[in-house]
There are 2 protein chains.
Amino acid sequence: MKLQQLRYVCEIVNAGFNLSRAARVLHASQPGVSRYVHLLEEELGLPLFVRTKNRLVSLTPAGEAIAEAAKRALREVESVQHIASDFRGGDVGNLIIATAPGHARYSLPPVVERYVKRYPGVRLRIRQGNSAQVVEWVMNKEADCFIATGPTEVNRDLTLLPCHDIHAVILAPSAHPLGKKRRITLHDVCAFPIITYNAEFTFYSHIMRAFHSAGLQPDILLSASDAELMKTYVRAGLGIAIVAHTAQGKGKDRGMRTIDAAHLFGTSVVHIGVRRGVHLGKHLVHFVEMFAPRLELGAQQRTKSAGA
Amino acid sequence: MKLQQLRYVCEIVNAGFNLSRAARVLHASQPGVSRYVHLLEEELGLPLFVRTKNRLVSLTPAGEAIAEAAKRALREVESVQHIASDFRGGDVGNLIIATAPGHARYSLPPVVERYVKRYPGVRLRIRQGNSAQVVEWVMNKEADCFIATGPTEVNRDLTLLPCHDIHAVILAPSAHPLGKKRRITLHDVCAFPIITYNAEFTFYSHIMRAFHSAGLQPDILLSASDAELMKTYVRAGLGIAIVAHTAQGKGKDRGMRTIDAAHLFGTSVVHIGVRRGVHLGKHLVHFVEMFAPRLELGAQQRTKSAGA
DNA sequence: CGTGATTACGTTTATCGTAATTATA
DNA sequence: TATAATTACGATAAACGTAATCACG
């Protein structure tokens, strides 16, 4: 059995059982592909494709199972090449990180700063998008990993690495009545117009779930993807903002006060998501080691390839 | 890149980096293997093996990662062949089931009877052993699956399919004082000499854990792997037996009574264990469908190969 | 020197394209 | 008749073994 034969089979399948089209994609001649497939079928002792007279129509049951296994085999072979090119290159290359604007703005900058200093040859790119987008990008190989606040609805082609916890805080104008209470409740919060993240962010659903399960209907005055924008509206006295604790400036948020709200909304976990079962590139591993040292991803890599 | 090259790499590794030995195993000439490996290294652009002058010594870091991926790729290719031979054969073949004597004797017979009637061409073999042995047999491909009472200490090369629950019953002589109580306690049970399974069976640990966590030290008079043997001793009045509920005869256990003990020892789950990530043979799927129809393994197979 | 890796060389075989053929819509 | 699969044939290349060479213990 040859790798090419497996490639041919897979390509025929996703060319919609059109040998000619598959041959074009594979830079091979139509007869070559035809013969090679026949050879494989002969070797395996059964037909992989259903043929009506002179046309490929579909996979046989055996063909389906075999095409699946073939795809997995090819992925591993591809992975051999990726591993090689990963080791081959020195500390140069590309690293694309997909994440929500919140992480990009608050958690990432210090890490990125250290990273580009340590690995100046790596071209680091950060793509911003909502939860669904960043997942999509990683699956399509348009990004090497995503950083997202879970639990993300995620399929079995991705692996999530829990990095650290995140909790909500409330930003209110300095003289706001909420600031006087010792321990606020969801009910207290609900009394005021609320500014928070857009609905496509996981944090939004997280917050809303807390309100709804308490039987409350908050008055969402305004939603945005940018915490700095929210702060502007808070300063203007339009309402109070519920944001991730990472979004609070270190004493730089003048004109407002921060009220802890961890007990109201619980904690979420920030995850790094990568494609499952493939070799994690050296640059990605280095980055993750900086972003979440407790994962000890580098140490794992040394003993076993492609983390859990 | 050729599959053979990957085979060569893997074989060199488990021949202890001895090219000559690897070549012999692979039915190839030493020079052929040498050149082919060099070709691969050239293609990948980096050395896979550490060479001291004229001798292979070990894998480079890249080599280790690549050897792992290569092994996975080869396993998938092998799996293609297995799938083919699985579909090729009609309803003939072999099926080896490893299990503890208890399952072999009580749960399996009716299933086996139906199975051999439906698939008379399949040579069914049942190997009996303790928990560790049956796991070992499946991993070494000396058996297609095992049936065991969990939770088995199991590694990530195996998949466990939960089949059904099992609970303990107490077998006591007809006139035994325990039979008069309405709801017995662990303490009650401890007052009498106990007959149960050998220590190497999971059920034994399960029972003992219940006693120990209640701070009790039961008097184990006798342990055996065969429930029928235990019954003999119970009839002789030597003690009471704690056995799986599946071991009780349907009214045929003369001279003794059955006392329910589910509330004392809880329930365990009977699992079928198979090698992870490989195609499940048609015969095995058929058997599992009969043994545990609620798994709907056949339906899963039709859509996706090798169940979770 | 013996064992084991590499290089050189030649034969055999397989791979794959062009051209011709057949079959279907 | 156009499109798509199969068969026939031939040139090129690769796969792989034998023999020779080299390198170390």
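Proteins get letters first, then strands, A, B, ... in listed order; numbering begins at 1 in each.
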Would you please test A:Leu48 and A:Val37 for side-chain contact (heavy atoms from CB on, under 4.5 Å) and show each step? CA-CA 9 Å; A:Leu48 300 180; A:Val37 169; 5.6 Å; no
Starting at atom [atom1] of [X], determine the distance to atom [atom2] of [N], rounded to an integer number of angstrom.
X	N	atom1	atom2	answer
B:His38	C:dT6	NE2	P	3 Å
B:Arg51	C:dT3	CZ	C1'	17 Å
B:Asn18	C:dG4	CG	P	6 Å
A:Phe17	C:dT24	CZ	C1'	19 Å

Helix axis bend for the helix from C:dC1-D:dG25 to C:dA25-D:dT1 - C1'-based end axes, five pairs, 10° rounding: 30°
Please identify the 5'-most and 3'-most nucleotides of DNA chain D with any atom under 4.0 angstrom from a heavy atom of chain A. D:dA4 to D:dT7
What do you reckon, is CZ of B:Arg123 surrounded by more than 12 foreign heavy atoms closer than 6.0 Å? no
In the structure I gave you, are the side-chain heavy atoms of B:Asp91 and B:Arg118 within less than 4.5 Å of one another anywhere? yes
Please classify the nucleic acid contact of A:Phe49 as base, sugar-phosphate, or nothing, using heavy-atom distances under 4.0 Å. nothing
So does A:Phe201 get a backbone contact from the side chain of A:Asn130, meaning a donor-acceptor N/O pair under 3.5 Å? no
A:Arg88 side-chain N/O to B:Leu46 backbone N/O, donor-acceptor pair under 3.5 Å: no
Sequence neighbours excluded, which residues qualify as salt bridge (charged side-chain N to carboxylate O under 4.0 Å, His left out) partners of B:Glu41? B:Arg51
Could you walk me through whether B:Glu142 and B:Arg127 pass the side-chain contact (heavy atoms from CB on, under 4.5 Å) check? CA-CA 9 Å; B:Glu142 294 174 55; B:Arg127 294 189 68 171; 3.2 Å; yes
Each nucleotide in nucleotides 9-17 of chain C should get exactly one letter: B, S or -. Can you fill that in based on protein heavy atoms under 4.0 Å? ------SBB
Any salt bridge between B:Glu78 and B:Lys141, counting N to O under 4.0 Å? yes
Does the pair A:Arg75/B:Glu76 count as a salt bridge with the N-to-O cut at 4.0 Å? no
With sequence neighbours excluded, tell me which residues meet ring pair (Phe, Tyr, Trp, His ring centres under 6.0 Å) with A:Tyr115. A:Tyr119, A:Phe287
Those residues at least two apart in sequence (or on a different chain) that pass ring pair (Phe, Tyr, Trp, His ring centres under 6.0 Å) with A:Phe87 are none
